[in-house]
Structure formats: C-alpha cells, structure tokens
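Down below is the structure, laid out as structure tokens.
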Amino acid sequence: MQDPTSRSDSDQGRVEVKETTCYMCACRCGIRVTLRDGEIRHIEGNPDHPLNKGAICAKGSSGIMKQYSPARLTKPLLRKQGAERGSSEFEEISWEHAFELIEGRLSKIRAEDPKKFALFTGRDQMQALTGMFAKQFGTPNYSAHGGFCSVNMAAGMIYTIGGSFWEFGGPDLDRAKLFIMIGTAEDHHSNPLKIALADFKRRGGRFISINPIRTGYSAIADEWVPIKPGTDGALIMAITHELIKQGLYDRDFLIKYTNSAELVVDDPSRDDHGLFRRFEMHIEEGCFDPENKLWWDIDLDREISTHTPGVDPRLMGEFKLEDGTPVKPAFQLLKDRVEEYTPEWAAHITGIPADTIRRLAHEMGVVARDQKIELPIQWTDTWGNDHDSVIGNPVAFHAMRGLAAHSNGFQSIRALSILMTLLGTIDRPGGFRHKAPFPRPIPPCPKPPNGPEAVQPNTPLDGMPLGWPSKPDDLFVDEDGEAVRLDKAFSWEYPLSVHGLMHNVITNAWRGDPYKIDTLLLFMANMAWNSSMNTENVRKMLTDKDESGEYKIPFLIVADAFQSETVAFADLVLPDTTYLERHDAMSMLDRPISEFDGPVDSVRIPVVPPRGDCKPFQEVLIELGSRLGLPAFVKEDGSRKFRDYPDFIVNYETSPGSGIGFLAGWRGKGGEKFLKGDPNPRQWEMYKENGCFYHYELPKSYQYMRNWNRGYLEWARAHSMIRYAEPITIHLYSEVLQRFRLAAQGKWPGRIPP
Amino acid sequence: MHPAFSVIFLTTLIGVGQGLFLALYTGQLYALANLLPAQSSNFYAVGSMVSLVLLFAGLIASFFHLGHPERAWRAATQWRTSWLSREVLALPAAMGLIFLYGTVHFFGLTKPLFVISGTLPVDFSLIIGGLGTLAVFGLFLCTAMIYASLRFIKAWYSPLTVANFLFLGIASGFMLASAFSAYQGNSLVGFYGTWAVIATLFGLLTRVATLYRNSHFRCKVDLKSAVGVHHSQLEQKAQGFMGGSFNTREFFHGKSQGLLNLIRYAFLLMVFAVPVILILLAYALESETLPLLAFGIQYLGLILERYHFFTEAQHPQNLYYQSMA
Amino acid sequence: MDTQTYPLNALTQRPMAMYHSWDSQNAWLRQIHTHNYLFVNPRTAEANGFGDGDWIWIESPINKVRCMARFSEAVEPGTVWTWNAIGKAAGSWGLSPKANESQKGFLLNHVISEELPPCEAGEHMSNSDPVTGQAAWFDVRVRIYPAEAGEPEVTSPQFKPQKRVPGQDPKRGKWQAFVAGAFRKKAKIQE
Amino acid sequence: MTQLALVIDLNVCVGCHACVTSCKEWNTSGWAGPLTDQRPYDADPTGVFFNRVQTYEAGVFPNTETYHFPKSCLHCEDPPCVPVCPTGASYKREDNGVVLVDYDKCIGCKYCSWACPYGAREFDEQQKVMKKCTLCIDRITDMSLPESERKPACVLACPTRARIYGDIHDPDSEVSVAIREQGGYPLQPEWGTKPSNHYLPRRKTRIQIHEDELVRVDNPLKKEALPTLPEAGETLDDVAW
C-alpha cells in the first residue's frame, strides 16, 4: 500500500475545484466542490463564505449521495392512457411534448378564468420568480410553503418590530451574555447558529433552552426548562408581568423607539376605541405612519405631540384629553393585559414552577439592565438627535417552529417580540439584529389584491399574490365577504395569512370550496406525504373522482428531482436538476442570506452537467412564460425576451429602468454599482470569481438601530430597498389588529365582515 | 463475542490432534519403561497420520476465518509480539514433527542410536517424539494465549483459559486414542481410557471454575469511564446508526439467555459426564465401540463448549452499542 | 378538543442529519436515521402499559398510526415526539419496498388533521392560526396504547409499494463502494 | 516524537454528524478508501464509517442531560491493536503517532478489532480488510494543501469547532492547552492504552441574581408615580392656630 505521505490527493485523476451554494437544506452555505474525472470527489465548506465560514454539516458533506441517488428522475413523464392516478404508471415523453401539453392547457385556462390554475411551491426559496410567474399568469392561487411551515414567526415579529428570525434577523451572539432559545428544534438557520452558539458558550455566555424536548442545541444548554407545547405565550406573558412589576424594562428605549407612550383612545362605546388619538396634520402622499400621535407629558401633565424634544412622557396612567376623550398610554394597556398573568397562573399551564419563571424574568431583566454594552459608534436617529455611541442590552432570543406551529402561534410570537422590546434589545448589540432588506415598515408595503376584479382573463394579477394587509380593506374578499383565493388566504377567517394556506389547497380543490380548479402545479413540495396533514386521506382525495368519472382535481403537474411519493400521483412529471446542476439565485427579492452587518446574496453555478433530460424548474418557468406570452417574459412585439434563466437573472428588472434585479452585486455596466444599477452582462462571471456570493458591508454607523437610524434609512431608500425613510416605530400595541377587531364589531368605517 | 465456527473447528480439531499425538508418545514411553506392551510401529504410524489429518483439517478450517487466505503466510512474520503469529509458527512445526514421528515409525527406523546409562535405548522416534511433545504443548499455549492475552476481555483473561484448552485437548486426544486402540484391538484401551478420564476430570475442574469466575466478576470498565460522563443513570439512546455495523455483528452473539443455558448444560454433559460413564462402561463390558462413541460425544460437546466460550466473552466495546433511536 | 381521551401532545423535530423527506434516498445519511421511533417519557409509557421498544398505536381524533416506542427522559411527560419525515411510503425514493423507512418508520402526519371538526366558526375551518392561517401542526392531541401481541411488527398505515418510473436508475446492487471517478460506470448510471 | 490527536469538546458538540459524513466523503475516495456500504438502498443498510456520533441521556426528567458523543479511533500511544496483528498490517507511524492499517498486508483475521476496547475498527465486508480512522493521514501530510486546510476533514467540517487537532506532546499546542485548562479526559483509562484523543467535559454557566439587585434607585416605575392626591378629610392645618 502506497505511503500516504508520498502522494497528494490532487494528483489522482483530473481534478477541478468549483464553488457554488449548497442546497441540502434551506441554510444555503457556500461550498467548494472538488471534482475528479468529472465525478464529485469532495464537498467542503467555502472558508471565505460569510454564512458558514468553511463549516459544512452532515447533509452538505453527503451531497455526493444525493447527486448519484437512485431516486433521480431523468425524463419528463406522462401518466399512461387508462392508468390510474397513483399507480405510478408513466411513459417517457419529450420536453417539447410536455411544454405543448402545459401550454395548451394553461393558455385555455388563462383565457377563461386564471383562478383555475394553482401554483404551490415548497422549500424553494425563490418566491420572487414563482410569485412573479403566478402574478403574470393572473392567478391569485399561489404561495410558497410558509403557510404550513413557520409563517407565524415572520408575521408575528414583522407586525411588531419590522423584522423576524431566520433569514431576516437573529440573535447577535457575538456580544450577547444571556441567550434564550424557545421552541427551536435541531435545524433552522443551521450552520451559522452552530458557529455562533459555540463561540457564545466559549466566551462564557449563559444559554437557556425552553423546549418540551432536550436534543440537539438544547443538549448543550446551561439550563433546560421543559415546557408543555403551545403554552409559550403564557410563559412569556408571565415573564412580562414580572418585568413590569419589578420595573426591569428599558424605559428610555420604550419611549423613544416604540409606541409605548402613545395615547390610545380607551372608551368601548366610541367607534375609534383602541385606536391611537391622532391630530390633524398634513400627510404627504404615501407616508405610511404619520407622526401625528400624542404623548402625555409628565411635567406639564397634559397631552403633547410625540417626540417633542425634551419631553418625558408617561407610560402608565389614565388621562382625559382636552376634548374629554379618555386615553391610556399603550404601555398601560399592556400592563392591564398581563395584570393577572402572574408566574403562579402560568405555572400550571406551562408546567414550569412559578419561581423558575420568576427567576428567568429576573435573569433577563438584570442582565439586560446591568450588563449594558456601549459601542463607540456615532449615529443619528430620524428625529435628528445625534448619538455618539450605540447601547446594547446583551440578552438575545431565538425561536422557531415550536412557537409558530400552534393556533396561538401569532400571538405567542408577538408576545415574544414585545418581551424583547421591553428588554430594549431590538437591533442593538447583544440582542436581536435585523438582516437586509429588513427592517421594513410595519406592515411592509406590498398588499394583496382586494377584490375579485383583480383576476381578469389574459391579464396579470392586479397586485402581489402575497402581501401584508394593514386594514380590513386590504383583504382579498368579494362583495359578500367570501375569499377569492382557493386556500381562503386574506379572508375574514385568516386575515393576515401572508404566506397562504398551502396545507388546505388539496382539500379545498377536492371539495370545490370555494371553487373547483383545473390544473395544480406542485414544485418541491411532497404534498402526498410529509408536506400534507391528514396524508392518508389527502392521497385518497388526489385519486377521488366525481360522478362523471373525472378526477376532482383534473390535472396535476409535479416538478421534482426525485421519485417522491407525490410523483406517483402526477399526471405530468417534470424532472428537475439537483443544486449542483443548475443556476440559481439567492436574491434580495426573496429570502436572502444577509449578515447583520449588511446585505449578502449568492448564486449557484452548475458544477456538473444535468443528468438525462433534467431541466431546472426555473428554465421551465421561463419557457412557459415565453410560450404563454406573459408580459414580463415577452417583448412588446410578443417575441421571447429571455434566452434562458441566467439571461433572465441578468436582464430582468422589477419595473423597466428600476435598476433593481434579482442579484444585487456588480450591477451597472461595469459591475461597479450595488443593489441598484442597470443590468451587467458579466454579472455571473463576477459572482463566480467571488465564491458565488456578494457581501456588502454597511458602514458601522448604519449597522445598528436601523428602525430609527436616519443614515441607514436614507441609504436603504437610495438603494430602493424600502420606499420610505421614516422611522419604523415598534408596535408594542398593534393598531392593525385593533382595526380588524373594530371591523368585527361593525365599528370600522371601511369593510366589515358579512 | 459472536462465535465464528471456523475458529471453533480450528481449536477443537487441532486440540484432538495434539492430544492424540501426546497419547501415542505416552504409550511409547510407557512401553519403553515396560509398563505397557510395546505396540507395533504401524499403530504409531497410523495414529500419527490420524493426528496429522486432524491438525490439517483444523488448519483448513482456520482459512475460512480469513478475509485474504492467499496472504496467510504473512501471519508468521510478527511472532515477536503476536500470539496468533506464534500459533501460525507452532502449528506447522508440530505437524512437521508429528509427520516425522509417523514416518520414522512407518519405516521402522526404531534402531537405537545410543543407550543412556545402559538401560535406556534412545532411538530416532524418541527424540522426535520429545520435540513433538514440546511443539504440541507450545501450540496449546499459543492457541489459548490468543484469547487469554486480551486483557480487556475479562472472561478470557486468566490462566484457566490455557488450562481449559490444554486439558480438553488432552482429554479428547486420549479419548480418541482409546477409541483407536479399541479399533486396533490392542490392550491400551484401558490405559488411554483412564488417562482420558483423568484429563476430563481435570478439564471439568478448570471449566467449572471458569464458569463460576465468569458469572461473578464485575466488568472493570462501565459506561461512565467509556464515555467519561460520571452520572449514576447514564444510558445510551442512539448508537449512531440503525442498520447494524461490524461492531454489532462481530461482538454480539444475539442469542437468548435460555439457549446459552441449554448449551452450557449440554456441553457439561457431553464433554464430561457422558464420556466418563461410557469409558467406565467400556471397561465393564469390554466393548469395542463404546470408546469411539465416547470420543464422538465428547468432540461434539467440545464444539458446544467452544461456542459457549465465545458467548461468555463480554467485550468492553459493547458498552458503545446498546440502543438504537 | 377532548383532552381527557387524547391527553398527550405530539410533536415532530427536524434531525440535524436529514432535511424533510429529501435524505432517505441518501445512502450515507439513511444509515444514521433509517427509521424513526416515538420518543416517550418512561412514566407516561408505564402509565399506558408498554415497554421500551414495544409496538404501540398513536391515535388522534381522525386517524391512528402504529410504530415503535423509545423511552427518553429528555421529554416532558405530557409530550411524545418523533423525527420529522423519516418514515416513507414503500418503494418511494428509489428504496426497496422492504426498506426500514416504510416497514419500521412511520409518518405522524396521518394523525394531524388539516381541518377542525365542524364548529360554530364554520363547517370546514382550517386547523390553523386564526390570524395568519399558519398550520397548527403541534396542536394535535393523541393517546397511545400498546399494539396487541398478534399484530404484525410493521408500521401502519401501509400503502401499495410505489413502482419505479421510467428514466430512474436500475435497482442498485448489494454493495456500493463510492470512489470518485469510477463510480458511475460501476453503478451502471447512464449520464 | 509527536503524537497527533483530536480533542473533542462535548461542551459545544450539538450532534450534527458533520464529522461522520465529511470523514466518509473524504476517505471513501481517498487513500484509505473505499468505505463500502452494504444494502445501501435496502433494509438495514450498513457500511464502514471511521467516525460515528452517539447520543446518551443522563438523569431522570426534569434533570435530564443529553450528550452527543463522537467516537473514532483514539490513536493510542500504547495501542493494543498493533502488537496482536499477526501480519504487521496494523502499525503506528513513528513520525506522528497515527495508527494505520496496510490493506495489502491485512489478512482479515479481525484479531485487531478484538484487541481494541473502544470498538474503533470496522471490517469492510467486501474488500475483506480492517479499516479505521487514519486522522486523514493523506490530507495532513499533503504539502500542496494550504496550512489552514492541512487538517482532518472532520475538523474542518465541524460547525461548532468542537474538534481540535494538534500534537498532544507539544505542551503549547491548542490541544494540549485545551486538555490542561478544560479538564480533557481519555476514554477507559483503566486499560493503560493511553489514548491520544481526549474529550472536554460539559461546563455550566450560572448567574446569581441577588434579591437586592432587582430594584435599583433609578427604577423606571418611580417615574410613573402618580402625584398623590390629598385626602379630602380635615388636617391639623385647618383647625390649629
């Protein structure tokens, strides 16, 4: 046997080394792939990649066995004539035949009623392209998998602090001293969290895990607090109760950066009960959160407009305005709300002893208050005050599906966001920090269409398929209040369903409630197995026929790279590529891989040729878009606009001349611009030369307090990341939710439920 | 440990072969001292051939245990440190000497070369027989020390293991010798029979002692020191894989305790009780076939004994492969 | 929801070495997680009359699943849980119909309903968060009890084995020794 | 002589199995490959792995501790698996103390695996030779690799940097410092095999909150103190002269 030290592995066979982005999970680490004679020899982390810094997990290292998996599909397949759906009886067809089939069927649907086409995707992280395709087609029935994953995490936090965990923000473990992880299982934001958590522990940080189960991360927690599932909200409110009772909240932070001190009308008999008292002021067009609210001045003991310099407002108490309106500061409402949620009350619900709850609250409060961090970074807030340092309360949190996947998920997560706000840890060192493109206004500007007239034959959908309602008038319902979408998202029953209800699509389509559909296209979602609830019956629904012998869901297209359970139920199977065989973009328009210190996006560049006739699903969409003549994909004269997906990525702009495209790096003719700039033909090469990622580091003074950082907000607007440069005050009290409550009580001037 | 039949046959077959040779040579010594009627050289020659066949059969069996038999010659190179390597040298040496012994008798080269102190005629076969005896005892030691030298496997790590291999080898050898004599119709049946019984009884003593010892010692290493987590209730949940691995195939016998008890009682009967009774009966009835039956039963019992010898061994690595999840 | 008859919460957790249903097809990763057990607190198990490694039923108001239990002290007594999406339908993902994933692995999703039982809010309300429509997977309540002695030692429900589709590799052999550069020829993978 | 080894920090290992598959990936096509799998897509798949991560639980609910425990060959300084090998296939390198197997000499008698109390060797049922962790000998001695990457694959992969690599005979190396300062311990020391790999024990970080620390002078509640309204009743001031 040859002496191992006398040989180098790189001399064995023809060796090439290429870089791309992993996709063995949704964390998208940078990887370096070594090929030997055209086959994958080794996959390791890219040491210079900001996300995983050279680390790679068990899945990433096993990419070889996915690339050469026996489950790979290599040919487009059509269900044989007369073969039952679910019997997995297919015949090979050409891509040309497949495209003709789809084009024929979809163009007929588009001409009659676009709603009959439903496109639902799974863990694909490219909603910008699939969403845009659905919008261009004109169907409202589109969403990615957030609805059955953890959309509560995004919605709950974004409606409160303008950002959320996972891709859009996270715990700053570099500076935190106390880290509380609630309801996070093994995965989610995997490698970066592992790297940060290990360094955090090495520096002597204290790590508490609150979870019914102790595995993975919780195994190395300094304290495991077992809790009954679904009761996290009770625990958090009890901790909030204890913090308020002990005065362990950051008063200065609450007053300046949240709506805690703003006065709320408090008279159930009035129509504007629960809304902020606003005074008349000229509101220039498009401003979403005018600063026309009131504080109660302690010294003058009367109302005054918010953020008046030198004013110290009350957080508690009941007051009467000059015109006699009874009002309370928003903080007082919170105090009333959690008044009876004592640790004892929470103890028997959560299963956690009362004194443990009290101790947790004290640990958080005292560490946040007494172990403050001060970074010598000058910055200016949106009200013009100059700060010569950034203060940080070093208590960080992380939460995921354990909180989200419950019917009380949204409220539990809002409660957690409020707790983090009380401790003064939002976008500050050692606490929670946003990641580009967040923070965004509460709620973000895009709105879903708000009426059935948005869906017209042969015309793109009027509005984004998924958006952020801020008042009942933004709902997507018809005159008598019925949902327009197949999955009844943005209806009175599920008003803020910002990522749809994919888990009800098949059941609703099968039952024809609200209406029947014709074609269902599923991509990267195993809806006949682990992506569905009630799987055994959903499988029956997929094969169920109506009286006339037709399937209740007439046509099912499945795009998948592997022989999953759902492929057996498909009428038409489109073989997709693996992540090592295709171009891809982790775009700022989707769920990017930004770092705390600035936006990062990345691409995938093929490392090996696709197997058999596999075709990336992105190319399929571009092809279909061009064949169906969807406006974004064709020039004015109807001719094809984009050659293929890479061409589309380089040249597509959100609106003509907007300068915003899928990739933020190296825009502009010479690649000198960033985020905003005209298309750069050599953008792919530039990414390839830079390890397939682009990392823009913000200046230090823009990296913290971004909700209220004038420098940052103006920079973000200049780079058209957000529309307004106004402060994004934290919604300790949510007027948005109150609007819906008023509508339910019939007191809302706009739309009210049937 | 998971019993490997190739090794079971190897150790039992060569054990009988060695014992048989010792029996023949003892017979020759006694004849020299006129305590026994001298046997025809044909008796010794055929006896040696039988012993040689058994040793050779054992050697063949051992090849089935190897992944690469074609390189087995390499196994002789590390005799300085490895008992297995020493056995690979001792076995051929013993076989060679037994072969010489057999041929010397076969060609009747028993003419004395010289006489010691006037009364003891020393001929060629005597010298070779002596060397053969040394080789045989050396082989017993090597075979047993392969197991006894592993200090982590408490069940094997004791001189009793060497004693067991020795006595059981001799017992089965003499038992075969008495059966062979009975078959040959000469008068040594009783002599060999008695020595076989004595060896069997000694074997019983050491084997029972081993059984007692193995059921009463506490394993020196436990999960606390294997994993280094000093907690009184430490328990494995997942061993890192779920479809089995070499570690679960090679070191776990996977047999139920009931079956092991059955095997234990079976071999205690078949190796000790039954052969001794049969030999005594053989005396009483002067029967020709009983010794052969006794040997047969004892040999089968020996296979079970060696099987049980493997299942008794608790390897410390098993601490790491307790549960799957 | 009748929490007397269905007293326990049931959760799933994502293992670090697998991502949803993507990795049972991975020859290396499936040796780490081949099939999944239901992890139960020993006291809860004793109260329901079964031992470590026994076959049990998990039953919710809409369906029931048979699987194997594994004791664990690292779970709160009112909760049972398993790894997410390890169990597979027989024959899918390029695996043999006899693979552990379908014979010993199970899918908890069968017992989780996508709709609430008819209530005053509506006939077919989604089993979701009323504000955001997020699927309320972990609200599911179950009860667990030992399987009868005579029952087959296979998870339930079982489905007719899924056939391989055209264009898929031929069935792989008993041995697979991956060496980059020589693998595709050996495993008869056409390009 | 140098003795290269790994120190595994159980204080941060979250059991993600990165070390298991990055090792398999590197070595199956490397010098010590292939690492054969058996029934890879059938029932009870099995295969040769040089490193596995196990899970242990200690204690009773609610004081349960969960441990993730990576285990591979410990490259003992007095390896019992080397002298027993009849053919010399199992050997320990003089220059860096790494214990290896020469597949051309191994006759597959498995005696070395019997002599390893840690179960760190696995038999390749197809190639019929014994295989084990080589500390990525073909990688750590490959001068064409940059210094930062001339480490075992598992060390480079580990996201929590729980696997420290170095020479335990050099008192200033990262591994020696970690062992000294964080109480690194060997496995089954009783046998005297002097395993080179060490494990770092779990450590808890606790906070002590004193009752009197809770309420500070500048407690925000003070700011909310409402002006105390005077009681309506008579006061001394009204009646006395």
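The figures that follow rest on heavy atoms only: side chains count, while hydrogens, waters and symmetry mates do not.
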Pick whichever of [options] has the most heavy-atom pairs under 4.5 Å with chain D.
options	answer
A:G54, A:P70, A:G365	A:P70
A:E223, A:M65, A:R202	A:R202
A:A196, A:G45, A:G205, A:S10	A:G205
A:E44, A:E363, A:Q2, A:R7	A:R7
A:K53, A:Q12, A:R251	A:R251

- Message: Shorter than 4.5 Å, heavy atoms on both sides: which option in D:V20, D:T134, D:T64 has the most such pairs with chain A?
- Response: D:T64
Proximity breakdown for [X] and chain D, heavy-atom pairs closer than 4.5 Å:
X	result
A:R36	side chain
A:L315	both
A:V367	side chain
A:I43	both
A:A71	neither
A:F200	neither
A:I195	both
A:P192	neither
A:K245	backbone
A:D199	neither

For [X], which atoms come within 4.5 Å of any heavy atom of chain A: side chain, backbone, both, or neither?
X	answer
D:R202	side chain
D:R139	side chain
D:Q208	neither
D:L145	neither
D:V101	backbone
D:Y41	side chain
D:C23	neither
D:D138	both
D:S22	both

Give a yes-or-no answer on whether the side chains of [X] and [Y] include a donor-acceptor pair shorter than 3.5 Å.
X	Y	value
A:K372	A:N393	yes
A:T421	A:T258	no
D:T36	D:D124	yes
A:S218	A:S209	yes

Can you find a heavy atom in the side chain of [X] that is under 4.5 Å from one in the side chain of [Y]?
X	Y	value
A:R32	A:H42	no
A:D370	D:R216	yes
D:C109	D:P86	yes

- Item | D:F61 and A:W224 aromatic ring geometry - parallel, tilted or perpendicular at 30°/60° bounds | perpendicular
- Counting N and O atoms only, with roles assigned by atom type, does the side chain of D:R161 sit under 3.5 Å from a partner on the main chain of D:V155, one being a donor and the other an acceptor? no
- Task: Would you check if the side chain of D:Y199 reaches a backbone N or O of D:P70 as a donor-acceptor pair within less than 3.5 Å?
- Result: yes
- Task: For D:L214, enumerate each residue passing the side chain to side chain contact (heavy atoms under 4.5 Å, CB included) test, keeping only those at least two apart in sequence or located in another chain.
- Result: A:Q246, A:L248, A:H362, A:V366, D:I209, D:E211
- With sequence neighbours excluded, what pairs up with A:K256 under the salt bridge (charged side-chain N to carboxylate O under 4.0 Å, His left out) test? A:D252
- Does CD belonging to D:E213 count more than 12 external heavy atoms closer than 6.0 Å? yes
- Task: Compute both the distance and the angle, then confirm whether D:K110 meets the cation-pi test with D:F123: under 6.0 Å from the six-membered ring centre, within 45 degrees of the axis.
- Result: yes
